[in-house]
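Notes follow the structure.
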Amino acid sequence: MSIIVITILALCAIGVTSAIILYFVAQKFKVYEDPRIDEVEEALPAANCGGCGYPGCRGFAEALVKADNIDNFLCPVGGAPVMAHVGAILGHEVKAAEPTVAVVRCNGTCENRPKTNSYDGAASCSIAASLYGGETGCQFGCLGLGECVDACNFDAMYMDEETGLPVIDEDKCVSCGACVKACPNDIIELRKKGPKSRRIFVSCVNKDKGAVAKKACSVACIGCGKCVKECPFDAITLENNLAYIDYNKCRLCRKCVVVCPTHAIHELNFPPRKEKPVAADTKTVKPVVSPKAQTEAKTNDSKEETSDNK
Amino acid sequence: MLKTFSIGGIHPAENKLSADSAIQVLPIPQMVSIPIAQHIGAPATPVVKKNDQVKVGQLIAKSSGFVSANIHSSVSGTVFKIDAIVDGTGFRRTAIIIKVDGDEWMEEIDRSEDLLKEITASKEEIIKKIADAGIVGLGGATFPAHVKLSVPPGKTAEVLIINAVECEPYLTSDHRVMLEKGDEVLVGTQILMKALDVKRAIVGIENNKPDAIAHLTKLAANYQGIEICPLKTQYPQGGEKQLIAATIKREVPSGALPIEVGAVVQNVGTSLAVYEAVQKNKPLIERVATITGKSLQNPSNWKFRIGTPVHDLIDAAGGLPEDTGKVIGGGPMMGKALSNLEVPLTKGSSGLLLLPREEAIRKDSKNCIRCGKCVSVCPMGLEPFLLMVLAEKKNYERLEKDAVMDCIECGSCSFTCPANRPLLDYIRLGKGRVGQIMRSRK
C-alpha cells in the first residue's frame, strides 16, 4: 500500500516541479505575437489559395498587420467586404477595389482553328508549350490540356469538350489568379468584372502577322487596327499585331465589336442588340467627347454599315 | 572486356537498317529555308536582304556573340524573303528563304575530292577558320565548335575524344561517313589536335560497327597519336560524359564541362566538317543524314544541303509510308517529332525516323510501382521517379539540390519504365525552370 502512496506522491512532486520550471521557461522565452494577426486571420476566408501573393491566409494576415497602408492589398476571394472588415480591425480606411474576374482570351475552337498535327505527350500545357507551338497553326493560343482547370481551387473552371477551351464560371470565380499563373501561354487575364458583369475584350493573343494569324485561326486578331481607330476613348492599343483593350478606359460602347473583321472582340452579358446597334449604343453610353466628335463617329459608323451592306 | 561507362545504360533494339547503304547526294531543292538559329546560343544576325543574289558558301547570317555561329547559303540564287517559319524545333522562328537558281559556288571553295593531308594553318588560324565556317557539333546538340576549342585560361586539354559512337538506334550517318570519308575524318582529327595542342586523340566507336572499327584502325596507322577505341554497344555510350568515362576513365564533376578533366569531345561528323573548312575552305553547308524506318521503302543515307525541306528527303527514300504515325527528327531516343513536313533540315539533323503508327503511339501512363528501374538505368546516377514528381509539384529548390541539371535527357528512364510514366517530359520541364532560376540568380 505504502509503495502506491509513495509513487503517487513522487509523481505529483515531479509534476509540480516540472510545471514550475516550465512556467518560468515559458515566461523567459516568450515570443510576442501581435494579437491582431489572429483577428485578421479570423476575418479572412481561410481559402489558403495564395491568390493574394502570400503563403496562405496566415501569411497574408501577417503582411497586413505589418503594413502601414493596406490599399495595395486585396484578398481576391473575400473582395471588398473582407478588406473593409480587415481595415476596421487594423484601423485603416479601405478604398473599395473593383471586382475582377478571369477571362480566357482565346476563341480557337476546333472549328475556328483547325488542327495541323496531334500531340500525344504528357497531358500538361507547360510541357506541350515547352516542346513546340501546339497542335494548330497558332503558337500563342490555348493548348487545351487543362492546366488552368487543374489549378483552380474553386471549381470555377471546366474544359468544354466541344470547343476544347476552358470555360470560367463567373459566379464561382474569385479572381485568385491561379489559372493565370498556370497558363504557360498567358491567355487568361484578370479583367474588371464590369457593371452587371458586362465586359468587352479581345479574345485572341496571337502576335503573328495578320495573314499568318488568319490562316491559323479564323477568329484571330489580325492587327488591322480598325478597332483602335473606332474607339472614342483611346482604350485600345495595337502592339505586335495584336489589339488590347484597357479595361480601365473602356466604356463598353461596343463599337469595336462591330468593326472587327474577324469577330475577335467579344462582348459578354450585354442585352441583345437592337436593329440599329450603333445609334442605340451612342445613346446609352455618354462618352466624354465633344458633340462634334460624336457626330463624326456616328457618320463614320453609318458609312461602315452601308458599305458592309453592299 | 570492352570499355564502357560505369553506371546505368540500356540496350534498345539497334535497327540499323541503312548501315549498308552508301551516302547518296540529295538533289538541290527549288527553295531552301535556312533558319538563323541552328545552334545553341544566340541566333545569327542576317546580313542579306530580300532579292539579294547569293552564291553557295556565301555568308548570309553573322554570328552574334561568342556562343553563336555563322550561317552560310547552301545554294545559289535569290533571297526570296526573311520570315518566320515553323522549323524543326516546332516553333515559328526566323529563317532566310532562298529561291534556287543554278549551283554557283564561291571561288575560294576547293570542290575537288583530293585528300589534303598536310596541315599548314596555325592553331589560331584553324580556330578562326572553324568559327568562320559556322561549324557546330554535328552529333545533334549543335554547340558551336570553336567555343569548345577555345580552352579557357587555367585549363589544359590533354586528350581529344572523337565521338563516333552513334549509340542512337536506327541512325547510320556517322557509320557511313567513317567508311567513306575515313581519311578526311582522321585529317580533321589531326587538325583538331593541333588546334587544342594535344598529342593524343581517341576515336570511340561502338562495337556494332566492326567494319568501321577495322577500316579506321587500318587508316589510323598512318596518323600519329590517333587511337581507335572499340566500345560496348550500350546506350547512351555517345553521351559526352559517358564517352569520357568509357575511354579515359575520368568523371566530369556535376555542373562542369569536360575540359575540367582535360578532355574535349567532338563528333566524327564535326571532324569531317573541320577538315573541309580548314583544308578546302568549305563552310558548313551540307551534311549527311540517315532516313530510316521499318516501313520505309529505302532506308538510306544522304548528303543534303542545309535548309532542304524534310519531305524532299522522304520522297528521295521512297515516299511517306501509309502507316506513318510520327516523323522524328533525329534518333528514336533523343529525337523530336516534327509538327509538319515542310520544316527544313538543319545543321543538327542527323537523321529522320519514320515510325509506324502502332510504335509511335504512347501508351497510357500508370502509377509508379517503385521498381527502381529508372534509377538503375540512369547513366548520370539520378533518381528520375523522384525528379518527375518534384517537377510536377514545382519544387524547384529540391530539384536543383537533386542535380536535375545533370540530366542529359537521354530518355533511358522513360524507355525502361514499366508503367509508361512520362518521366523525361517532366524532368525536362523542371530542368528548364531550374535553369531559368539559376540564370536569373547570376
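A note on names: the letters A, B, ... follow the listed sequences, proteins ahead of strands, and every chain is numbered from 1.
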*asked:* Working to the nearest 0.5 angstrom, can you tell me the gap between S130(A) OG and R433(B) CZ?
replied: 7.5 Å
Is the [atom1] atom of [X] crowded by more than 12 outside heavy atoms at less than 6.0 Å?
X	atom1	result
E33(A)	CD	yes
K336(B)	NZ	yes
K115(A)	NZ	no
K207(A)	NZ	no
E359(B)	CD	yes

Return the minimal non-hydrogen interatomic distance between [X] and [Y], and the atom names on each side.
X	Y	answer
Y426(B)	A123(A)	OH-O, 4.5 Å
I127(A)	L429(B)	CG1-CD2, 3.7 Å
A129(A)	F91(B)	O-CZ, 3.3 Å
R362(B)	G121(A)	NH1-CA, 3.8 Å

*Positions in residues 173-189 of chain A that reach chain B, provided some heavy atom is under 4.5 Å away*: none
*Hey, does the side chain of D120(A) reach the backbone of I361(B) with a donor-acceptor pair shorter than 3.5 angstrom?*
no
Is chain A contacted by the side chain of [X], its backbone, both, or neither, given a heavy-atom distance below 4.5 Å?
X	result
A360(B)	backbone
T89(B)	backbone
D83(B)	side chain
R428(B)	side chain
N340(B)	neither

_Check: Q139(A) and V86(B) side chains under 4.5 Å, non-hydrogen atoms_ = no
